[in-house]
Novice: 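One structure, pasted below without further comment.
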Amino acid sequence: MLDDVDFAYADGDKPILAGLTMRFPRGKVVAVMGGSGCGKTTVLRLIGGQVRPRRGQVTVAGANIDALDERGLYAVRRQMGMLFQFGALFTDLSVFDNVAFPLREHTDLPESMIRDLVLMKLNAVGLRGARDLMPAQISGGMARRVALARAIALDPSVLMYDEPFAGLDPISLGLTARLIRNLNDALGATTIIVSHDVQETFQIADYVYFIANGRIAAEGEPEALRASTDPFVHQFVHAEADGPVPFHYSGPTLADDFLAGGGR
Ligand SMILES: Nc1ncnc2c1ncn2[C@@H]1O[C@H](COP(=O)(O)OP(=O)(O)OP(=O)(O)O)[C@@H](O)[C@H]1O
């Protein structure tokens, strides 16, 4: 969870996240949504301990991430499965070896057991039969599923997905969403999804946080947010081009730019 967290990338900068409090209960799928650059990925980096809060606390399974030494952080990270933006696979490794990678890296299990675990994970995403293919031989949707299998290889208790739906065709999109939900429930894990895909995310999330201007702009269960009359939530949920979040990056007015005939 995040407790009253402030964060900025550089000292002296205005915080990009300010007074953020978020809970990610066990067994739940929680979504972090908001416009481009609002700090969604940064929330994942705070939880993973890649960056540290300027103020406030980040705790994972009771451990204060900020107070951990390198070994402690390593142990907590081992409990986390992450799928980064576009979930890149190692292109020179087969599907099998991609999923085996974290097992070989983090455990001393014998190859026979690694084989069984990899095939179980690939089976869970429907790709047991694709084990010998190389990433270049599979579709984008399949690659995403392999990345999912790799993210769950170590049976993590926290699963984090950064834009898991980006760039997928509609069928792969629905399939990936359902898989994320099913894998969470099968593992009894906590899932955190960073996304701006309202339709897919709302279908599988138990709870949603909207971030804007470094703060929680709205939060709640998908149904409640869908019905919300809050202008910000309404704009986001109904994908309106303009509203409290402006379409135009702030700058000179149209009149100033075109009528005054000034320079750039
Ligand atoms: N390593 C970094 N150093 C400095 N600034 C950064 C760094 N990473 C991100 N930022 C800035 O911090 C802000 C939040 O970035 P973040 O990646 O968390 O946003 P996001 O909501 O995930 O965006 P998107 O949906 O576009 O990926 C952005 O303005 C970004 O430019």
Side-chain angles (χ1 to χ4, degrees), residues 1-24 29-58 60 65-66 73 77 80-88 140 143-144 147-148 151 158-168 173 176-177 180 190-205 207-220 222 225 232-233 235-251:
M1 63 176 267
L2 269 63
D3 197 13
D4 203 12
V5 164
D6 284 5
F7 178 79
Y9 277 100
D11 291 342
D13 278 8
K14 185 172 165 281
I16 45 170
L17 300 173
L20 216 60
T21 296
M22 300 172 123
R23 278 169 225 296
F24 305 100
V29 174
V30 179
V32 180
M33 310 193 75
S36 224
C38 72
K40 303 184 294 296
T41 302
T42 304
V43 169
L44 298 188
R45 290 197 190 122
L46 282 162
I47 295 168
Q50 279 96 1
V51 296
R52 299 190 177 240
R54 179 187 277 187
R55 193 178 64 90
Q57 274 198 356
V58 180
V60 177
I65 292 286
D66 207 19
L73 200 53
R77 280 203 193 124
M80 299 179 186
M82 300 199 201
L83 190 138
F84 294 104
Q85 233 156 346
F86 299 107
R144 198 65 53 89
L148 279 178
V158 179
L159 279 156
M160 296 196 268
Y161 301 105
D162 196 352
E163 299 291 356
F165 311 121
L168 292 179
L173 212 97
T176 304
I180 287 175
T190 302
T191 293
I192 307 171
I193 303 180
V194 156
S195 174
H196 41 239
D197 194 313
V198 174
Q199 290 319 321
E200 299 306 328
T201 306
F202 271 37
Q203 260 176 41
I204 58 166
Y207 202 81
V208 179
Y209 289 102
F210 278 111
I211 303 181
N213 302 319
R215 300 181 176 279
I216 308 282
E219 63 180 283
L225 290 173
F232 171 84
V233 176
Q235 181 190 3
F236 210 91
V237 172
H238 301 278
E240 286 160 1
D242 222 341
V245 179
F247 168 67
H248 286 288
Y249 192 82
S250 64

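Remember, it's 1-based here, ligands and their atoms both numbered in the order they're listed. Because the structure is a prediction, the values reported are computed rather than measured.
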Novice: With sequence neighbours left out, what residues match Glu219 under side chain to side chain contact (heavy atoms under 4.5 Å, CB included)?
Specialist: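 Here the qualifying residues are Tyr207, Tyr209, Ile216.
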Novice: Could you give me the CA-CA distance, side-chain angles and deciding distance for Leu17 and Leu46, then say whether side-chain contact (heavy atoms from CB on, under 4.5 Å) is met?
Specialist: CA-CA 11 Å; Leu17 300 173; Leu46 282 162; 3.8 Å; yes
Novice: What is the nearest protein non-hydrogen atom to atom 17 (O) of ligand 1, stated with its residue, atom name and distance?
Specialist: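 The closest one turns out to be Thr41 CB, 3.6 Å.
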Novice: Suppose we screen for side chain to side chain donor-acceptor pair (under 3.5 Å). Which residues come up paired with Arg55, at least two apart in sequence or across chains?
Specialist: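 Partners of Arg55 under the side chain to side chain donor-acceptor pair (under 3.5 Å) test: Asp4, Asp6.
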Novice: Closer than 4.0 Å to some heavy atom of Thr42 - which atoms of ligand 1 meet that?
Specialist: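 Result: 14 (C), 15 (O), 16 (P), 18 (O).
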Novice: Working to the nearest 0.5 Å, report the span between OH of Tyr161 and CG of Leu148.
Specialist: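 It is 5.0 Å, given to the nearest 0.5 Å.
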Novice: Around atom 26 (O) of ligand 1, find the nearest protein heavy atom and jot down its residue, atom name and distance.
Specialist: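 For atom 26 (O) of ligand 1, the nearest protein heavy atom comes out as Ser36 OG, 2.9 Å.
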Novice: Side chains of Val29 and Leu159, heavy atoms from C-beta outward: is any pair under 4.5 Å?
Specialist: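 No - every pair of side-chain heavy atoms lies 4.5 Å or more apart.
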Novice: Would you mind running through ligand 1 and noting each atom that sits below 4.0 Å from a heavy atom of Ile16?
Specialist: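 The list of qualifying atoms is 12 (O), 13 (C), 14 (C).
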Novice: Look at atom 10 (N) of ligand 1 and say which protein heavy atom is nearest, naming residue and atom and giving the distance to 0.1 Å.
Specialist: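 Checking every protein heavy atom, the shortest distance to atom 10 (N) of ligand 1 gives Tyr9 CE1, 3.4 Å.
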Novice: Of Ala10, Ala8, Gly37, Gly214, which has the heavy atom at the shortest distance from atom 13 (C) of ligand 1?
Specialist: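 The residue whose heavy atom sits nearest atom 13 (C) of ligand 1 is Gly37.
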Novice: I'd like to check atom 4 (C) of ligand 1 in this structure: does the protein have a heavy atom lying under 4.0 Å from it?
Specialist: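 Yes, at least one protein heavy atom sits under 4.0 Å from atom 4 (C) of ligand 1.
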Novice: Would you indicate which of Gly35, Gly39, Ala166 comes nearest to atom 19 (O) of ligand 1 when only heavy atoms are counted?
Specialist: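 Residue with the shortest heavy-atom distance to the ligand atom: Gly39.
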Novice: How far is atom 25 (O) of ligand 1 from its nearest protein heavy atom, and which residue and atom is that?
Specialist: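 The protein heavy atom lying closest is Lys40 NZ, 2.8 Å.
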Novice: Between Val32, Leu83, Thr41, which is the residue that forms a side chain to side chain contact (heavy atoms under 4.5 Å, CB included) with Asp162?
Specialist: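 For Asp162, the side chain to side chain contact (heavy atoms under 4.5 Å, CB included) test succeeds with only one of Val32, Leu83, Thr41, which is Thr41.
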Novice: For atom 27 (O) of ligand 1, find the nearest protein heavy atom and state the residue, atom name and distance (0.1 Å precision).
Specialist: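 For this ligand atom, the closest protein heavy atom is Gln85 NE2, 3.6 Å.
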Novice: Do you see a protein non-hydrogen atom under 4.0 Å from atom 22 (O) of ligand 1?
Specialist: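 When distances to the protein are checked, atom 22 (O) of ligand 1 has a heavy atom within 4.0 Å.
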Novice: Can you say whether the rings of Phe202 and Phe210 are parallel (under 30°), tilted (30 to 60°) or perpendicular (over 60°)?
Specialist: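 Phe202 and Phe210: tilted rings.
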Novice: Tell me, do Ile193 and Ile204 make a side-chain contact under 4.5 Å, heavy atoms counted?
Specialist: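 The answer is yes; the side chains approach within 4.5 Å.
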